[in-house]
Amino acid sequence: MTHQKSCLCCAPPTGAGTVRIEASGKNPLQTAPDASKGGLRLKDFQPRSMLRVPQTRIEQPRFPVIDVHAHLTWSKNVRNGVSVGEEITVFATPEELLPVMDRKGVRTLVNLTGGTGKGLEESIRLFDRAAPGRFLTLTEPSFGLFPEPDYPQRQADAIAHAHRVGARGLKLLKTLGLYLRERIDEGPLVGVDDRRFDPMWETCAGLGMPVFLHVSDPEAFFLPTDETNERYEELANHPDWSFYGPEFPSHQELIDARNRLIARHPGTTFVLLHVGNNAENLAAVSDCLERYPNTLVDISARIGELGRQPRIAQRFFDRFQDRILFGTDAVPSPYGDDVPQQLFGDALYEIYYRFLETEDEYFDYAPAPTPPQGRWSIYGLGLSDAILRKIYHGNAARLLDLPP
């Protein structure tokens with residue numbers, strides 16, 4: 001009888017720590033664990049992939065880009081998550097931003113958090129007027145006026161004023177539903193679909209101002225921050241991002257309230273930011289887009305989600321190619337240093353371009369030693385020129401009435 005040698009991968013282990021093969025039939029692959037290796041902390045684990053796959057650097061996009069989601073200014077006064085007053089903090093100057101924009105083919109950068117009143121006027125003066133065509137500014141609600149009995153009309157008037165001074169749309173942070181309370185920072189939470197904001201939505205519709213709406217956050221932010229939460233490290237680093245507990249509505253409750261709002265205002269155009277705040281569930285986002293023709297989405301800060309489901313994501317881009325906007329959620333340094341997936345710079349844009357244009361496999365979604373949103377890598381979509389042109393600038397140009 002001929003005896004064949006086994007391949008090494010199937011051979012019983014040998015050496016120190018090996019369990020002796022017994023006649024009792026003990027598993028020949030069972031070994032004693034190395035106790036000295038059991039204390040590695042998760043934050044110190046930074047594995048290097050052994051894959052040998054193509055790595056494509058895209059320094060310039062195939063078509064000019066309109067980045068519809070950046071933060072160049074911020075409200076200076078915030079009460080428990082609610083911006084109040086008109087003063088702003090300026091994150092960067094056009095002189096600091098334009099070189100990166102020119103290198104990375106970014107034709108226009110949209111500052112969503114332009115503020116209100118005098119702060120808004122300052123934002124427009126610092127950016128839109130300093131570099132015409134390169135920057136656009138959106139306004140925000142005047143939440144500091146919310147307790148006033150005539151707030152609905154005052155807010156509608158504030159939107160009309162913002163439009164007169166040059167604001168191109170309205171941006172809502174996740175203030176509604178998660179932060180704003182009846183007495184600004186005290187009392188019951190104010191719902192996303194609260195009717196006191198109806199005049200604001202209708203004023204936007206009448207003036208042709210799109211509403212950029214941030215409602216909810218990744219679903220994991222509404223779950224316990226424990227060993228089963230895939231965003232454990234992110235929530236451990238940013239515990240104030242967790243909305244788990246009875247004091248907050250659930251992720252689904254927020255989405256449902258948003259949908260009621262959209263249905264009630266069919267004449268208002270809503271851009272549902274961060275892939276509709278539901279990038280983990282593209283079937284639900286698709287259903288929303290199908291049900292509400294007055295909606296679009298942007299991809300800001302969610303290529304980490306889209307890129308780990310590349311086949312589903314590619315079908316999503318094919319199906320809704322006319323309603324998807326390019327956005328990064330970029331924040332200049334030093335303000336963006338703590339969120340590398342949003343840090344304005346060459347590296348950020350190159351990752352987005354690689355994701356959209358190439359079929360590269362298993363690469364980082366953020367310029368960071370450790371994936372900041374979850375420990376996974378992403379895959380490129382390799383979109384066609386026709387779709388890329390729409391995503392990069394065509395859809396945004398149509399929405400914001402810009403040259404094609």
Side-chain angles (χ1 to χ4, degrees), residues 40-51 53 55 69 71 174 178 214-245 248 250-252 254-255 272-285 297-314 316-317 324 327-331 336-345 347-356 358-381:
L40 180 67
R41 297 178 300 179
L42 179 60
K43 69 177 184 177
D44 296 327
F45 183 54
Q46 297 182 15
R48 292 174 295 182
S49 172
M50 296 292 101
L51 283 178
V53 291
Q55 299 184 36
H69 195 144
H71 298 285
K174 55 195 175 194
L178 287 172
H214 182 167
V215 170
S216 191
D217 262 338
E219 191 171 358
F221 287 16
F222 295 81
L223 301 175
T225 305
D226 60 18
E227 70 279 2
T228 68
N229 195 314
E230 66 177 3
R231 301 279 192 134
Y232 180 87
E233 288 175 282
E234 184 178 28
L235 292 170
N237 290 329
H238 304 279
D240 54 325
W241 292 2
S242 172
F243 298 109
Y244 173 70
F248 298 110
S250 69
H251 171 79
Q252 190 58 52
L254 290 167
I255 296 297
L272 310 180
L273 300 173
H274 309 301
V275 197
N277 286 117
N278 212 2
E280 310 94 324
N281 187 351
L282 290 182
V285 180
V297 298
D298 85 344
I299 64 171
S300 59
R302 293 299 181 270
I303 63 170
E305 297 290 356
L306 296 170
R308 60 173 173 157
Q309 48 180 330
R311 287 182 286 274
I312 294 174
Q314 190 174 54
F316 179 81
F317 275 76
I324 301 173
T328 59
D329 206 5
V331 181
D337 292 350
D338 201 35
V339 283
Q341 73 275 10
Q342 297 170 229
L343 181 60
F344 177 83
L348 180 69
Y349 284 103
E350 289 183 15
I351 290 173
Y352 272 78
Y353 301 159
R354 185 182 185 188
F355 166 65
L356 294 170
T358 80
E359 293 184 346
D360 284 4
E361 297 185 293
Y362 203 76
F363 58 92
D364 293 337
Y365 58 80
T370 302
Q373 296 176 289
R375 283 184 176 261
W376 55 78
S377 296
I378 65 171
Y379 302 79
L381 300 186

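Counting from 1, the numbers follow the sequence of the chain as shown.
Checked against salt bridge (charged side-chain N to carboxylate O under 4.0 Å, His left out), D360 has the following partners two or more places apart in sequence or in another chain: R354. For T328, the side-chain hydrogen bond (donor to acceptor under 3.5 Å, both in side chains) partners are D67, not counting sequence neighbours. For F221, the ring pair (Phe, Tyr, Trp, His ring centres under 6.0 Å) criterion is met by no residue, not counting sequence neighbours. Partners of F248 under the ring pair (Phe, Tyr, Trp, His ring centres under 6.0 Å) rule, at least two apart in sequence or in another chain, are F243. Applying the salt bridge (charged side-chain N to carboxylate O under 4.0 Å, His left out) criterion to E234, with sequence neighbours excluded, gives R231. Every side-chain hydrogen bond (donor to acceptor under 3.5 Å, both in side chains) that H274 has, sequence neighbours left out, goes to S300. Residues satisfying the side-chain hydrogen bond (donor to acceptor under 3.5 Å, both in side chains) test with Q309, not counting sequence neighbours, are none. In terms of the salt bridge (charged side-chain N to carboxylate O under 4.0 Å, His left out) criterion, residue partners of E350 (sequence neighbours excluded) are, by chain and number, R57, K104. For the ring pair (Phe, Tyr, Trp, His ring centres under 6.0 Å) test, residues two or more places apart in sequence or in another chain that qualify with H251 are F222. The ring pair (Phe, Tyr, Trp, His ring centres under 6.0 Å) search around Y353 returns Y392, not counting sequence neighbours. Among residues two or more places apart in sequence or in another chain, the side-chain hydrogen bond (donor to acceptor under 3.5 Å, both in side chains) test is passed with E361 by none.
Of all non-hydrogen atoms in V275 and L306, the two that sit nearest each other are CG2-CD1, 4.0 Å. The minimum heavy-atom distance linking A330 with L348 is given by the pair CB-CD2, 4.0 Å. Across all their heavy atoms, P310 and R308 have their closest contact at CD-C, 3.4 Å.
The backbone N or O of E280 sits nowhere less than 3.5 Å from a side-chain atom of E219 that would complete a donor-acceptor pair. Under the 3.5 Å distance criterion, the side-chain polar atoms of N278 are left unmatched by any main-chain donor or acceptor of V285. A distance-only check finds a donor-acceptor pair linking the side chain of N229 to the backbone of A220 [under 3.5 Å]. Using a distance-only test at 3.5 Å, with no hydrogens or angles considered, a donor-acceptor pair links the side chain of Q314 to the main chain of L381.
Here CD of Q373 is found 7.5 Å from CD of Q342. Values are rounded to the nearest 0.5 Å. The distance from the CG atom of D298 to the CG atom of L273 is 4.5 Å, given to the nearest 0.5 Å. Considering CG of N281 and CD of E305, their distance stands at 11.0 Å, rounded to 0.5 Å. To the nearest 0.5 angstrom, S216 atom OG is 7.0 Å from H214 atom NE2. Rounding to the nearest 0.5 angstrom, the gap separating the CG atom in D217 from the CG atom in L254 is 9.0 Å. In this structure, CG in D364 is found 10.5 Å from CD1 in I303, a value given to the nearest 0.5 Å.
Q341 is not listed as a side-chain neighbour of D329, based on a closest heavy-atom distance of 4.5 Å or more. For the pair T225/P239, no side-chain contact is recorded, criterion being any heavy-atom separation below 4.5 Å from C-beta on. Using a 4.5 Å heavy-atom threshold, the side chains of F363 and I378 count as touching.
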Inset, instruction - Any chance you could lay out the side-chain contact (heavy atoms from CB on, under 4.5 Å) test for F317 and I324, step after step, and finish with the verdict? - result: CA-CA 7 Å; F317 275 76; I324 301 173; 3.9 Å; yes

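Results of the side chain to side chain contact (heavy atoms under 4.5 Å, CB included) test with Y365 over W376, Y352, F355 single out W376 as the only residue that passes.
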Could you give the side-chain donor-acceptor pairs of residues 43-51 under 3.5 Å, partners two or more places apart or in another chain?
from : atom 1 : to  : atom 2 : distance (Å)
D44  : OD2    : R41 : NE     : 2.7
D44  : OD2    : R41 : NH2    : 2.9
S49  : OG     : L51 : N      : 3.1

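Atom CD of Q252 has more than 12 heavy atoms from other residues, nucleotides or ligands within 6.0 Å.
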